[in-house]
Amino acid sequence: MAAETLFDVAVIGAGPGGYTAAIRAAQLGLRVACVDDWRNDKGGPAPGGTCTNIGCIPSKALLHSSENFENAKRHFGDHGIRIESVAIDVEKMLARKATVVRQNNEGILYLFKKNKITFFHGQGRFEARSPDGYRIAVADAANTVLSAPHVIVATGSVARPLPGLAFDETRVLSNDGALAIPQVPRRLGVIGAGVVGLELGSVWRRLGSEVTLLEALPAFLPAADEQIAREALKQFTRQGLKIQLGVDIEGVDVPAGAIKVRYLDSNKEAQALECDKLIVSIGRLPNTEGLNGPAVGLKLDDRGFIEVDANCRTAVPGVWAIGDVVRGPMLAHKAEEEAVAVAETIAGQHGHVDLDTIPWVIYTAPEIAWVGRTEQQLKASGQPYRAGTFPFAANGRARAMGDTAGLAKIVADAQTDRVLGVHVVGPMASELIAEAVLAMAFNASSEDIARVCHAHPTLSEATREAALAVEGRALNI
Ligand code: FAD
Ligand code: NAI
């Protein structure tokens, strides 16, 4: 007979949403259980979800390794550093990535202990409502059954396959297999030129693959500001990524030899792409498999997301849902924001998430980052605005780094000067965007940013210059 255990909060899923919710709830004095089923290669627990195991962390490890390789091969010479020969040891690179992942898994297990969170390793499944709230059965060795009046569902998302083409993770790869290719493929095909396609396509291109991305939409990165997307496309093309827009995939043949992707190009002409490995990166689907939500009346919307209100409350009292399994951007930091807000609300505080100031970052080189609204969105909505831009080519630090591609851009309300969006394509855009998020969170005007002293020489001066440019008074161009 399994032991039943009573908690104040049960969290299902230990990705960035789930483990953060567990920690915050425990900090607030609640008795917390967290259930997660991810296994490492030895079958042991590997908390951290997609982000830690096959997402943010391993992709950034490989992006960093491959960028070092490319710098050593192509750019160190500019600094007078002579290297006779450069080679990549893929096995070692992947082993380093695995170590980084393991360190993060262990870090989360340490945080669970530190915060006295009870961790259960196995799939969690709603059984029924109970006098204590909800009963959750865990498929662990002890067949644990938990009860809690509050349940936070943070079960994340999974890669969306192309209809009729299952991932085998050997040749037809989701992000999982794409992060573990044992040898640099000669020809790598990528279906979907979104965030995964660009990041992982960049990794393998830098290591020597011939990479072709086939994208259905006619526009490149339509969620980004058009000016930024144009510049990014120019840089990626220059680097050797072959990006075809407006394609229509007709079918994929996976015989013993080369994989063949049959498609219509943007002129509706039949084409075929032959490749040795194929990454399919066409978005992600919310994951509610095994959760047995209907047992407690949990509802999904027509796209499979758990339905929640602005505060991540489901229609089932005491059941909350956060992260990739609910509406909004599928980003780790968005999941974390919701996690903290929900834990605080459960504890009687006033949790709040502002989806309008969630930053986006694409960790290519140059990096792309933005927060708020794009120029095309403002045009479409008819809102009067002013825009200021500043190129990294005119920034002293970028020149010193030898990394001058790209620009910073600010769009501000034409009347009030309130910052409505900040867009960067360039070196360390991922770090530069934090200042912009802070500015927007405090309702700053572009003049506020322009009046703040920025250290010299830094890349952040480009943001300040873009703010000055909103008023047509940039100093260094
Ligand atoms: P997840 O991280 O998916 O975690 C859900 C967890 O719940 C998993 O461990 C899962 O096994 C577990 N689970 C599911 N069902 C059950 C159940 N019934 N019982 C027990 N456990 C269960 N975002 C960024 O912000 N920055 C990035 O740089 C970034 N890079 C990415 C790179 C790639 C290649 C990919 C694929 C994604 C990337 N993302 C990035 C997105 C990010 O990974 C997700 O937004 C984030 O992981 C969502 O967090 P989550 O907690 O909602 O879900
Ligand atoms: P995505 O939504 O970013 O891109 C998918 C692309 O595939 C889109 O451009 C779409 O138009 C295209 N597409 C869809 N169907 C297609 C088809 N049949 N043929 C050709 N193209 C098609 O999704 P992606 O890249 O899979 O990533 C999933 C999510 O993971 C991202 O949206 C993001 O939320 C998260 N992520 C975040 C990262 C970051 O923050 N740096 C990195 C990687 C992923």
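Counting starts at 1 for both ligands and their atoms, in listed order. What you see below is based on every heavy atom in this structure, not just the backbone, and it leaves out hydrogens, waters and symmetry mates. If you read the sequence from its start, that first residue is 1, and numbering goes on from there.
- The distance criterion of under 3.5 Å between nitrogen or oxygen atoms is not met by I322 with respect to ligand 1.
- The side-chain contact (heavy atoms from CB on, under 4.5 Å) test with E338 is passed by exactly one of I152, T20, V308, V326: V326.
- W360 places no side-chain N or O within donor-acceptor distance of the main-chain N or O of A224, the cut-off being under 3.5 Å.
- L213 pairs with exactly one of L188, I191, I243, I279 by the side-chain contact (heavy atoms from CB on, under 4.5 Å) rule, that one being I243.
- Without hydrogens or angle criteria, R171 side chain to P255 main chain gives a donor-acceptor distance under 3.5 Å.
- Distances from ligand 1 to the non-hydrogen atoms of I54 include at least one value under 4.0 Å.
- Across V361, T155, N292, V325, heavy-atom proximity to atom 16 (C) of ligand 1 is greatest for T155.
- With atom 49 (O) of ligand 1 as the reference point, the heavy atom nearest to it among G15, P16, G323 is part of P16.
- Residue contacts with ligand 1: V196 is placed with no nitrogen or oxygen under 3.5 Å of a nitrogen or oxygen of the ligand (distance criterion only).
- Polar contact check, N175 against ligand 1: no nitrogen or oxygen pair lies under 3.5 Å apart.
- Comparing D37, L291, N287, V35 against atom 11 (O) of ligand 1, the shortest heavy-atom distance belongs to D37.
- A distance-only check finds a donor-acceptor pair linking the side chain of K97 to the backbone of L179 [under 3.5 Å].
- No side-chain heavy atom of V158 sits less than 4.5 Å from a side-chain heavy atom of E289.
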Report every pair formed by an N or O atom of ligand 2 and a protein N or O atom separated by less than 3.5 Å, giving atom names and the distance to 0.1 Å.
unit_1: ligand 2; atom_1: 3 (O); unit_2: V195; atom_2: N; d: 3.1
unit_1: ligand 2; atom_1: 9 (O); unit_2: E215; atom_2: OE1; d: 2.7
unit_1: ligand 2; atom_1: 9 (O); unit_2: E215; atom_2: OE2; d: 3.1
unit_1: ligand 2; atom_1: 11 (O); unit_2: E215; atom_2: OE2; d: 2.6
unit_1: ligand 2; atom_1: 21 (N); unit_2: A216; atom_2: N; d: 3.1
unit_1: ligand 2; atom_1: 23 (O); unit_2: G283; atom_2: N; d: 3.3
unit_1: ligand 2; atom_1: 25 (O); unit_2: V195; atom_2: N; d: 3.2
unit_1: ligand 2; atom_1: 25 (O); unit_2: V196; atom_2: N; d: 2.8
unit_1: ligand 2; atom_1: 26 (O); unit_2: G283; atom_2: N; d: 2.8
unit_1: ligand 2; atom_1: 34 (O); unit_2: M330; atom_2: O; d: 2.6
unit_1: ligand 2; atom_1: 40 (O); unit_2: V361; atom_2: O; d: 3.4
unit_1: ligand 2; atom_1: 41 (N); unit_2: E199; atom_2: OE2; d: 2.8
unit_1: ligand 2; atom_1: 41 (N); unit_2: V361; atom_2: O; d: 2.7

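- Between E289 and ligand 1, a contact under 3.5 Å exists for no N or O pair.
- For L331, a nitrogen or oxygen atom sits less than 3.5 Å from a nitrogen or oxygen atom of ligand 1, counting backbone and side chain alike.
- Residue D36 places at least one N or O, backbone or side chain, under 3.5 Å from an N or O of ligand 1.
- Here's the thing with K60: one of its N/O atoms is less than 3.5 angstrom from an N/O atom of ligand 1.
- Atom-to-atom distance recorded for I57:CD1 and T52:OG1 is 5.5 Å, nearest 0.5 angstrom.
- For residues 190-214, the set of pairs meeting the salt bridge (charged side-chain N to carboxylate O under 4.0 Å, His left out) definition, not counting sequence neighbours, comprises K60-E199, E70-R205, E210-K242.
- Looking at C56, G293, P329, it is C56 that brings a heavy atom closest to atom 27 (C) of ligand 1.
- Under a 4.0 Å N-O distance rule, the pair E337/R24 does not qualify as a salt bridge.
- At least one heavy atom of R284 sits less than 4.0 Å from an atom of ligand 1.
- For ligand 1, the polar-atom distance check against G124 finds a nitrogen or oxygen pair separated by under 3.5 Å.
- Legend: residues meeting salt bridge (Lys or Arg N to Asp or Glu O under 4.0 Å) with R160, ordered by chain and number and at least two apart, are absent.
- Proximity of a side-chain donor or acceptor of E67 to a complementary backbone N or O of A365 within less than 3.5 Å is not detected.
- Distance alone, capped at 3.5 Å, is enough to place a donor-acceptor pair between the K277 side chain and the T170 backbone.
- Among G49, G55, G17, the residue whose heavy atom lies closest to atom 33 (C) of ligand 1 is G55.
- Using a 4.0 Å cutoff on heavy atoms, A178 does not count as a contact of ligand 1.
- Listed for the N311 side chain is no donor-acceptor partner under 3.5 Å among the backbone atoms of R313.
- Applying the salt bridge (charged side-chain N to carboxylate O under 4.0 Å, His left out) definition to pairs two or more places apart or across chains, those involving residues 103-120 are R102-E106.
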